[in-house]
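Below is one structure; the comments refer to it alone.
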Protein chains: 2
Amino acid sequence: MRRTSFEHAECPIARSLDVIGDWWSLLIVRDAFGGKRKFGDFQKNLGIAKNILAARLRSLVSHGILTLEAAEDGSPYQEYGLTAKGRDLFYVLVALRQWGDRHLFETEDVAPELLDRQLHRPVGQLELHAADGRLLRPGDTMLRRRRCEALNGA
Amino acid sequence: MRRTSFEHAECPIARSLDVIGDWWSLLIVRDAFGGKRKFGDFQKNLGIAKNILAARLRSLVSHGILTLEAAEDGSPYQEYGLTAKGRDLFYVLVALRQWGDRHLFETEDVAPELLDRQLHRPVGQLELHAADGRLLRPGDTMLRRRRCEALNGA
DNA sequence: GTCCCTTAGTTTAATAATGCAACTACATTG
DNA sequence: CAATGTAGTTGCATTATTAAACTAAGGGAC
């Protein structure tokens, strides 16, 4: 592991990156969203070395992002599935997808489109709103260290 | 570089991760949002090795996420600043922050709070909306390979 | 100008992570 | 029972990261 000094970082971004900030974890989660469930599915689709994939899947399971359960379709093997915590990475994946769409594609090659499953129409951009509903843009926010009630006794 | 097979991946998530998916780049961008601008600021705050920081800053500049310009405050050194492309990583950082907040903190240790700079009140959760305004949740989306106009001549 | 301090890196050598290929284990198919 | 498919593990070479020492350039004190 790297960045040991951040293991108990107070910053949630650093903590998140310690869990899913490596080269493969988010791609595995992306494929899990895409319906992949078996070791071989991930391996073939990602082209990742099998030992690395095994280590990543183990890590994701140990962090409660994936579960490893017996397959329901009768196959004798086990399947990896997203937990609620793993499904909640949806917004991280969408943010990465939309940033990549906006900044990493030329007009020639076009990214696949993210569609609403009901309407089959493109979804909007991720939005962050203030308490009063105003749309917030980059730089419209600040951080405040939250007060720790545990410090002064009760 | 790793994952060379994904260098021209059609998936915008994979492309994004190729650019900012390493262990340090997003933390550097986070600190840039926090006002850090000089090499030493990043180095002290992150505890990163100086050669790695130099390599990452070079990479971020070469990808158009940071710029390296003469400092405005008269100091003889240069400063790193976010470009529009870099500022647009805001949503990725917020997504990681909110996921970490929700899943990586116990009741005892609390993450710093993201506030609206105007109201000084906590911001809402990132939202993804369908074309008709419906709020979309994890799994409510699908992908469609966009059609390539270049293929059939005109 | 010389000495020393700060800033911003580079270089070097040790350590850790990754990738590749071969191998194991187990269950099914023929 | 041999062949095949799935899910890994093991060993080794390659690559990335780290820490520490080193370089270079500017500024201030004298």
Side-chain angles (χ1 to χ4, degrees), chain A residues 1-7 9 14 17-29 31-32 35-63 65-81, chain B residues 1-7 9 14 17-29 31-32 35-63 65-81:
Chain A
M1 283 276 202
R2 291 92 144 212
R3 279 214 314 270
T4 52
S5 59
F6 283 125
E7 251 170 42
L17 291 175
D18 275 338
V19 174
I20 45 85
D22 68 291
W23 288 94
W24 291 110
S25 291
L26 280 175
L27 289 175
I28 294 170
V29 171
D31 280 3
K36 305 271 185 300
R37 304 183 64 79
K38 293 195 297 182
F39 187 94
D41 292 337
F42 294 112
Q43 209 268 318
K44 273 193 287 292
N45 197 54
L46 293 171
I48 182 176
K50 296 167 80 175
N51 54 345
I52 304 295
L53 175 59
R56 288 294 171 276
L57 288 170
R58 233 191 329 266
S59 161
L60 289 168
V61 169
S62 83
H63 280 109
I65 291 168
L66 296 179
T67 49
L68 181 51
E69 295 167 345
E72 293 142 4
D73 62 353
S75 109
Y77 302 107
Q78 292 185 292
E79 289 184 340
Y80 295 91
Chain B
M1 282 278 203
R2 290 93 145 211
R3 280 213 315 268
T4 51
S5 58
F6 283 125
E7 250 170 43
L17 290 175
D18 276 337
V19 173
I20 45 85
D22 69 291
W23 289 93
W24 290 110
S25 291
L26 280 176
L27 290 176
I28 292 170
V29 172
D31 280 3
K36 305 272 185 299
R37 302 183 67 79
K38 293 195 297 182
F39 186 94
D41 293 338
F42 294 112
Q43 209 268 318
K44 273 192 287 292
N45 196 54
L46 293 170
I48 182 177
K50 296 167 79 175
N51 54 344
I52 303 298
L53 176 58
R56 289 295 174 276
L57 288 170
R58 234 191 328 265
S59 161
L60 289 169
V61 168
S62 83
H63 280 108
I65 292 167
L66 296 180
T67 49
L68 181 52
E69 296 166 346
E72 292 143 4
D73 62 354
S75 108
Y77 302 108
Q78 293 185 293
E79 289 185 340
Y80 295 91

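In the text below, chain A, chain B and the rest are named by the order of the sequence lines, each starting its count at 1.
Residues A:Thr67 and A:Val61 form no side-chain contact, since every pair of their non-hydrogen atoms from C-beta on lies 4.5 Å or further apart.
What you find for B:Leu66 and B:Ala32 is that their closest heavy atoms are CD2-CB, 4.4 Å. Between B:Arg56 and B:Trp24, the shortest heavy-atom distance links the atoms CG-CB, 4.2 Å. B:Gln78 and B:Lys38 make their closest contact through O-CG, 4.3 Å (heavy atoms, listed as atom of the first residue, atom of the second, distance).
Distances from the side chain of A:Ala49 to the nucleotides D:dT9, C:dG19, C:dA8 place C:dG19 closest. Taking the side chain of B:Phe39 as heavy atoms from C-beta on, and the options D:dA7, C:dG9, C:dT10, the nearest nucleotide is C:dG9. Comparing C:dT18, C:dG19, C:dT10 by their closest approach to the side chain of A:Asn51 singles out C:dG19. Checking D:dT17, D:dT6, C:dC20 against the side-chain heavy atoms of A:Tyr77 singles out D:dT6 as nearest. Relative to the side chain of B:Ile52, the nucleotides C:dC26, C:dT6, D:dT17 differ in distance, and D:dT17 lies closest.
Phosphate contact (OP1/OP2 of D:dT6, side-chain N/O of A:Tyr80, threshold under 4.0 Å): absent. Considering only side-chain N and O atoms, A:Arg58 lies under 4.0 angstrom from the phosphate OP1 or OP2 of D:dT9. Dashed line: the shortest gap from a side-chain N or O of B:Trp24 to OP1 or OP2 of D:dT18 is under 4.0 Å.
Rounded to whole Å, the distance from CD1 on A:Ile48 to P on C:dG19 is 7 Å.
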